[in-house]
Amino acid sequence: MLLKLVSFIASILLLFTSSAIAPQKPDVLVEILDNLSENRTADEINGAAGTKFYIQRPKNEMLTEVKASAFGLSESNEDNFSAFQSALNYCSEHPQTKLVIDKGTYYFKSLNGLDANNCTDLLIEGNDATFVFSSTGYKFFIRNSDCVEIRNLNFDWNWTESPLASVVTVQNSNADTHTLDLVFKDAEYCKENCRLMAITQCDTETYTFGAKYSSKEVYLYQDGTNIKSVRKISDNTLRVTHNSCMDNFHDGETYILRHYVYDGTIFNLRDYSKNLTFDNVSIYGSAGMAYICEGNCSHFQIINNFIGVNPQNKDKRCVSLTADAIHIVNTDGCFNISGCDISGMGDDAINVHDGLGYISAINGNTLTLVASAMRLSKGDTLAFKNDKFENTDLTAKIVSVKDLDWITKEVVIEALPESVKEGWTAYNTECGSDNYVITNNYFHENRARGLLLQSSNGLCENNRFYKTMAQAIKVVMDIEPTLWQEGTGVDNLIIQNNTFEKCNYSDWGSVIEIGTNIAGRSAETAVFTNIEISSNKFTDIPSMLMRADNANGFVFRNNTIDTGEFFEKNSIQGRVQFGKFCSNVTYADNIFADSGFLKFKEIVKATDICVWAQINSQF
């Protein structure tokens, strides 16, 4: 009866309200494969709304085989950098090479990163070999290359020399003296001079990131005054004096203490490299990320990868990577991430976006841009969004770029349109990390979010999300002027046939979040268009199921929601909230396994009365 009454009221309201114009359906990329080299094969990738592209791979039978051991790669070497770099140099000079690595464990200590530069039709066969690194920084570059495949190769960090992280339990916490004791689960990691970089609350049973309903943490390295002193008081205990940043840590709580954060990356794809495949690659440890894809690289795929703690070391290791697993920024798009198992990271599983610049000052034709991850090169064209974050037709060419510090750039342009003002944002039209497929993966038990999807024409399908500390999926434009500036808008994103279990474990807001943060406020327009979330299954939900803002043309259909018994019942559990600047919303045929008295949970909240009427008239 209640639903019928709500639907009737909503239908009446619709007669007297108006809605924004529905967005047009986007033109999608449909590549045609022609003139394929006889040395190559190609994988066809089918994405959202008919998107189609191809990723080329070297054809095994057309390659000339050489052994990495012929260049000196050996398990007996203390450092194999020079030997393997010699092998890569040979491959650069000899296209159509199959570089074969004998199974074994190979150590690398050099501060330099391996560099596959200007390689063509290269297959690296790992034969389940393992490369072990013990220095920070980028470890394996792929630059200016076309059609490179790396397969059956493992990568690890030398925990014996320096652990990536430790599990610690708090004892003797004293807010008056700003002291606490950190009791190490593994005493061999307890050293007075160990790096205290970040500390995050974890599950006391599984030692995975995030406690139930709680996510206390401090990024210690961000403020040099956080740690006053560290003293070892027993074989497994450090006494830490701090500046009050850990006063809310309580005795008995368990934390993951990271000794590294953004200190390294295994693979760096860049410099217009394309047709890159990483098949059956395992990354057990990195002092930072597994993959950074940038520099206008395109047509790459990460398939059948395992990124997580090596099962053989599960009793001694609590993290795989200390930052993101896969970070994709300022590329030319067309990528495929499929069949992977990704867990145990110190940050998000996948972050897809292009960089933004926040205009903090204007002096003639010179812009001061706060831009931590933005490509800025002479000759590139900037486009501008106004202070409401609406697109404008204004553009300008870059004349020169000067770094003022690590995050601030001085950009001279040919002619600044008069209406451009401080507080606006700029983005580079030469970048577009669009056209992607993320399918059949397992994302689980990592800090922060599962997927940050901030680019267009994406398909997220048939994935399993389990016990992510924060949102399983976040679609966002996010500008924190002193930290990061990410996302230029999303059009045509399909999230379907996925399962979500115990996600948003620490209750950072909702299981799925769609919205904007522009220096602490929301955009005043719809920046997300043609978004569809359908036929997904959500179980064991601690919080709101979804919050969506700034979306025009939004479909939420055929989803099954079971809030379960694992988390305590509350009034917002499993609810959907549509906030500001939402319009043309379809909400239909969703099933609540525990919809409650008079199916109250099926009545979706909305800030805008028109959106409320649109949704509730559909019941």
Side-chain angles (χ1 to χ4, degrees), residues 19-28 47-49 51 328-329 333 348 350-356 383 385-392 425 427 432-436 438 449-461 471-479 484-496 498 509-519 521-534 536 544-557 559 576-587 604-608 610-611 614-615:
S19 180
I21 297 173
Q24 293 183 342
K25 294 297 182 182
D27 294 329
V28 297
T51 298
I328 298 167
V329 56
D348 311 306
I350 301 175
N351 187 349
V352 182
H353 68 97
D354 292 312
L356 287 169
K385 294 177 181 286
N386 64 21
D387 55 355
K388 294 183 178 181
F389 226 71
E390 296 170 325
N391 287 321
T392 70
T425 53
Y427 62 95
S433 299
D434 304 328
N435 305 304
Y436 57 92
I438 300 174
R449 289 67 59 102
L451 308 182
L452 278 167
L453 304 179
Q454 303 175 81
S455 296
S456 298
N457 295 330
L459 174 63
C460 174
E461 183 177 37
Q471 297 92 352
I473 296 178
K474 189 170 184 178
V475 181
V476 66
M477 277 183 174
D478 200 4
I479 295 179
W484 56 75
Q485 308 79 38
E486 299 180 357
T488 55
V490 177
D491 182 30
N492 188 29
L493 172 62
I494 298 174
I495 299 169
Q496 64 184 16
N498 304 284
S510 57
V511 177
I512 294 179
E513 182 176 328
I514 299 169
T516 57
N517 167 38
I518 315 300
R521 60 184 178 84
S522 296
E524 297 178 37
T525 188
V527 297
F528 309 115
T529 52
N530 297 306
I531 310 294
E532 178 181 338
I533 300 176
S534 61
N536 301 284
M544 187 176 288
L545 172 63
M546 182 182 70
R547 179 178 175 87
D549 295 302
N550 307 101
N552 184 5
F554 190 94
V555 176
F556 191 83
R557 189 200 307 272
N559 298 288
V576 173
Q577 168 79 56
F578 289 94
K580 297 179 179 179
F581 302 100
C582 289
S583 56
N584 297 297
V585 175
T586 297
Y587 179 97
V604 178
K605 289 185 176 182
T607 302
D608 187 296
C610 179
V611 176
Q614 284 182 40
I615 296 168

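Below, all heavy atoms of this structure are taken into account, side chains as well, without hydrogens, waters or symmetry copies.
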Task: Residues which pass side-chain contact (heavy atoms from CB on, under 4.5 Å) with T392, listed by chain and number, not counting sequence neighbours - done: F384, N386, L394, W424
TODO: Any chance you could lay out the side chain to side chain contact (heavy atoms under 4.5 Å, CB included) test for N391 and Y427, step after step, and finish with the verdict?
DONE: CA-CA 11 Å; N391 287 321; Y427 62 95; 4.1 Å; yes
Open item on the list: Please check this pair: side chain of D434 against backbone of G432, looking for a donor-acceptor N/O pair closer than 3.5 Å.
Closed with: no
Open item on the list: Any donor-acceptor pair under 3.5 Å linking the side-chain atoms of D354 with those of T488?
Closed with: no
Task: Between Q454 and N351, a side-chain donor and acceptor under 3.5 Å - done: yes
Task: Non-neighbouring partners of S522 that pass side-chain contact (heavy atoms from CB on, under 4.5 Å), sequence neighbours left out - done: T516
Task: Minimal non-hydrogen separation, C582 against A548, with atom names - done: SG-O, 3.3 Å
Open item on the list: For F556 and Y587, take the angle between the two ring planes, folded into 0 to 90°, and tell me which bin it lands in: parallel under 30, tilted 30 to 60, perpendicular over 60.
Closed with: parallel
Open item on the list: Any non-hydrogen side-chain atom of F554 less than 4.5 Å from a side-chain atom of F528?
Closed with: no
Open item on the list: Within this structure, what is the CG-CG distance for the pair L453 and L493, rounded to the nearest 0.5 Å?
Closed with: 5.5 Å
TODO: Run the salt-bridge test on D549 and K580 with the 4.0 Å N-O cut-off and return the result as yes or no.
DONE: no
Task: Pair listing, salt bridge (charged side-chain N to carboxylate O under 4.0 Å, His left out) test, anchored in residues 451-461, at least two apart - done: none
TODO: Measure from the side-chain N and O atoms of N536 to the backbone N and O of I495, and report whether any donor-acceptor pair falls under 3.5 Å.
DONE: yes
- [ ] Please test N498 against C460 for side chain to side chain contact (heavy atoms under 4.5 Å, CB included), starting from the C-alpha separation and ending with a verdict.
- [x] CA-CA 8 Å; N498 304 284; C460 174; 4.1 Å; yes
Task: Side-chain heavy atoms of K474 within contact of I514, under 4.5 Å - done: no
Task: Side-chain donor-acceptor pair present, N457, T51, cut-off under 3.5 Å - done: no
Task: Single hit among T529, N584, D491 for side chain to side chain donor-acceptor pair (under 3.5 Å) with N552 - done: N584
- [ ] Output the distance between atom CD1 (I512) and atom CD1 (I473), rounded to the nearest 0.5 Å.
- [x] 5.0 Å
Open item on the list: Hydrogens and angles aside, do N492 and N530 bring a side-chain donor and acceptor to less than 3.5 Å of each other?
Closed with: no
Task: Considering all heavy atoms, the nearest G458-A48 contact - done: O-CB, 3.4 Å
Open item on the list: Using only atom types and a distance under 3.5 Å, with no angle test, would you say the side chain of Y436 pairs donor to acceptor with the backbone of S455?
Closed with: yes
TODO: Give the intermediate values and the outcome of side chain to side chain contact (heavy atoms under 4.5 Å, CB included) for residues M546 and S510.
DONE: CA-CA 5 Å; M546 182 182 70; S510 57; 5.5 Å; no
Open item on the list: Quick check: closest heavy atoms across S433 and H353, and the distance to 0.1 Å?
Closed with: OG-O, 3.6 Å
Task: Donor-acceptor under 3.5 Å (D608 side chain, S583 main chain) - done: no
